[in-house]
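Right, one structure below, let's go through it.
Here is how names work: the chains are called A, B, and so on, in the same order as the sequence lines, proteins then strands, and each is numbered from 1. What you see is a predicted model; the values in this text were computed from it and never measured.
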There are 2 protein chains.
Amino acid sequence: MVQPSTVGKPSTGGRRRPGRLPLTRDRIFRAAYIFVDDHGLRALSMRKLAAELGVEAMSLYNHIDNKDDILAGIGDLVFAEIDIPKRASESWAPWTRRVAHAAREALSDHTNVVPIILAGPNRGTAYLHLMESMLGVMRDAGFDANMAHRGWHTLVAHVLGYVLQQTATPILVSASPGRSPAPTRSIALADLPGDDFPHIVEIAPLLAECRTIDEFDFGLDMILSGLQSKLDNGPGR
Amino acid sequence: MVQPSTVGKPSTGGRRRPGRLPLTRDRIFRAAYIFVDDHGLRALSMRKLAAELGVEAMSLYNHIDNKDDILAGIGDLVFAEIDIPKRASESWAPWTRRVAHAAREALSDHTNVVPIILAGPNRGTAYLHLMESMLGVMRDAGFDANMAHRGWHTLVAHVLGYVLQQTATPILVSASPGRSPAPTRSIALADLPGDDFPHIVEIAPLLAECRTIDEFDFGLDMILSGLQSKLDNGPGR
DNA sequence: ACCTGAACACCGTTCAAGT
DNA sequence: ACCTGAACACCGTTCAAGT
């Protein structure tokens, strides 16, 4: 990797630019990943990303196809942060629980990137390995292919759905449905008219403090024990 | 609403423009909704939307704040398509099942709009009314506020997660993880290397044909019966 | 009151030209 | 082989000017 003919100036690799590493797909992806984490998805532009790398925007096109290519790369970096636990002697359910929590955690740590994952098909290697592992553990536990497939879908739906609600549920909400003046953005859910929305008002304090882990576990437990009982109650459909 | 002083020319409302209705927030939202359904979210621009309405882009700003304002309007139009069933004599579970299916159907019919709903907090009136109804039915059935809150979260997570996978699961996928030439986009999941992804390859045919309703019901049933048993097994936490 | 021409500060992407 | 200046066809949004 290090060019052996290069002498002196130990910190820089050659004569490209003072102290600049060469561009690679990987370096572009990582820079974009950090940029989105820090500034949000909408702020990401080819020009600003290039500036972050000390380069002009057009240089990026020597390594990537287009912006979508970069977005796909960023998306898979989130899945790469989920480390898939080794299967100890534990049963499929606790193992799956740990994976589900690891996924929830990784996605929650990078909410700015989540919209990318949701926008289109994920075909990155990290995603595929995660999927493969989950299916394998279920198959080994005795689920048939059909059941493993459905269980996987249900679990993914739960994780994605939960992470979504961390951002998609309005804690602050406008009380006036029509055209609204500027300050309305910060009226709390609890301030909705109690006549129209009594039950929303009732649970408003719960919503405000609900992004906890046992919120997540509440649904996860139902899914895992539901799957377990299908496993126990018979091999048939 | 109809200006009484206007005479003749029954189809046009006045002298604004030949045959042009006046702009309103509602007309802008509906036009944008249809445009996104037809051409996708990324194709939506202020200029093209204005053209669709027979108007210049800047005119839109007389009625809406900015593009995000329009997006929020579009998002709530999807929820407005969910008609909330009247509560007959049925129990909370079948009623909730019907609402969940109605929501799944509305979202599935407007997949281009779904990313808007997922991108940020929903505070539209249609969304709030849906939420209020679901909470109310659960409370009436005997769930306490805490349980209703959690149940609502779990159900929403399931619906959103399911709809997501209709778009986010790769049916077609690249078999070569690194830089890939153009035609790779259309290599099927089933063509993944079987050594690395045996279980994905195994369920690939299931994935290809799985966007069925009983896929959805599989998880929904587990959630509903899980909630029912919590309701039966005691009022406490 | 509502619409618009012109303008501003941006975009993603291409391509011929540089080294 | 890799980088870039200049250019193209777009963006969202503002503002003063029109009716």
Side-chain angles (χ1 to χ4, degrees), chain A residues 1 3 5-6 12-29 31-32 35-36 39-74 115-116 119-120 178-179 182, chain B residues 1-3 5-6 12-29 31-32 35-36 39-74 115-116 119-120 178-179 181-182:
Chain A
M1 310 304 175
Q3 212 165 337
S5 64
T6 306
T12 67
R15 65 191 173 292
R16 298 176 170 283
R17 272 292 180 87
R20 284 270 161 250
L21 299 170
L23 277 184
T24 60
R25 280 176 72 78
D26 206 70
R27 239 162 66 74
I28 292 172
F29 290 156
F35 187 95
V36 170
H39 305 100
L41 189 53
R42 301 169 77 140
L44 179 70
S45 78
M46 302 300 277
R47 284 161 161 94
K48 281 189 276 190
L49 175 58
E52 207 84 10
L53 288 158
V55 127
E56 298 300 319
M58 324 79 173
S59 308
L60 300 174
Y61 289 89
N62 286 304
H63 303 89
I64 53 99
D65 294 338
N66 47 41
K67 196 179 181 182
D68 282 341
D69 192 10
I70 296 183
L71 295 182
I74 297 176
I116 299 174
R179 195 69 186 294
Chain B
M1 310 303 177
V2 173
Q3 210 166 339
S5 63
T6 304
T12 69
R15 65 189 175 292
R16 301 174 167 283
R17 272 291 181 89
R20 285 268 161 251
L21 299 169
L23 277 185
T24 60
R25 279 176 72 79
D26 206 70
R27 239 162 66 75
I28 292 171
F29 290 156
F35 188 94
V36 170
H39 305 101
L41 189 53
R42 301 171 76 140
L44 180 71
S45 79
M46 302 299 278
R47 286 163 161 93
K48 283 188 276 191
L49 175 58
E52 207 84 10
L53 288 158
V55 127
E56 299 300 318
M58 323 79 174
S59 308
L60 300 174
Y61 289 88
N62 285 306
H63 302 89
I64 53 97
D65 293 339
N66 48 40
K67 196 179 180 182
D68 281 342
D69 192 11
I70 295 183
L71 294 182
I74 297 176
I116 299 174
R179 194 71 186 296

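- As a whole-Å value, the separation of A:K67 NZ from C:dT14 P is 14 Å.
- In the set D:dG12, D:dT4, C:dC2, C:dC2 carries the atom at the smallest distance from any side-chain atom of B:N62.
- With rounding to whole Å, A:I64 atom CD1 is found 7 Å from C:dT13 atom P.
- A residue-by-residue look at A:S59 and B:A43 shows that A:S59 has its nearest nucleotide of DNA chain D further toward the 5' end.
- When the P atom of C:dT14 is taken as reference, atom CE of A:M46 falls 10 Å away, rounded to whole Å.
- One can place OH of A:Y61 at 15 Å from P of D:dT4, the figure rounded to the nearest angstrom.
- For the pair B:D69 CG and D:dT13 P, the computed distance is 10 Å after rounding to whole Å.
- Among the atoms of the strands shown, only primed sugar atoms or phosphate atoms (P, OP1, OP2) are found under 4.0 Å from some heavy atom of A:S45.
- Across every strand in view, D:dC3 sits unpaired, with no contact that passes the Watson-Crick or G-U test at under 3.5 angstrom.
- Across the protein-nucleic acid pair, B:R47 atom CZ and C:dG5 atom P stand 12 Å apart, rounded to whole Å.
- Rounding to the nearest 0.5 Å gives a distance of 14.5 Å between NZ of B:K48 and CG of B:L53.
- Along DNA chain D, the nucleotide nearest B:A57 and the nucleotide nearest A:L60 are compared for position; the residue whose nucleotide lies closer to the 5' end is A:L60.
- The existence of a salt bridge linking A:R25 and A:D65 is excluded, since no basic side-chain nitrogen approaches an acidic carboxylate oxygen closer than 4.0 Å.
- Looking only at side-chain heavy atoms (C-beta outward), A:I28 and A:L49 come within less than 4.5 Å of each other.
- One finds a side-chain N or O of B:K48 lying less than 4.0 angstrom from the OP1 or OP2 phosphate oxygen of D:dC11.
- Contact detail for A:F29 and A:I74: the closest heavy-atom pair is O-CG1, 4.3 Å.
- Side-chain proximity of B:L23 to C:dC3, D:dC15, C:dT14: nearest is C:dC3.
- We find that CD1 of A:I28 is positioned 12 Å from C1' of D:dC2, with the value rounded to whole Å.
- Between the NE2 atom of A:H63 and the P atom of D:dC3 there is a distance of 5 Å, rounded to whole Å.
- B:L44 comes within 4.0 angstrom of the backbone, heavy atoms only, and of no base.
- Pairing for D:dC8 goes to C:dG12, judged as Watson-Crick or G-U wobble with the two contacts each under 3.5 Å.
- Using a 4.5 Å cut-off on side-chain heavy atoms (C-beta onward), A:I64 and A:M46 make contact.
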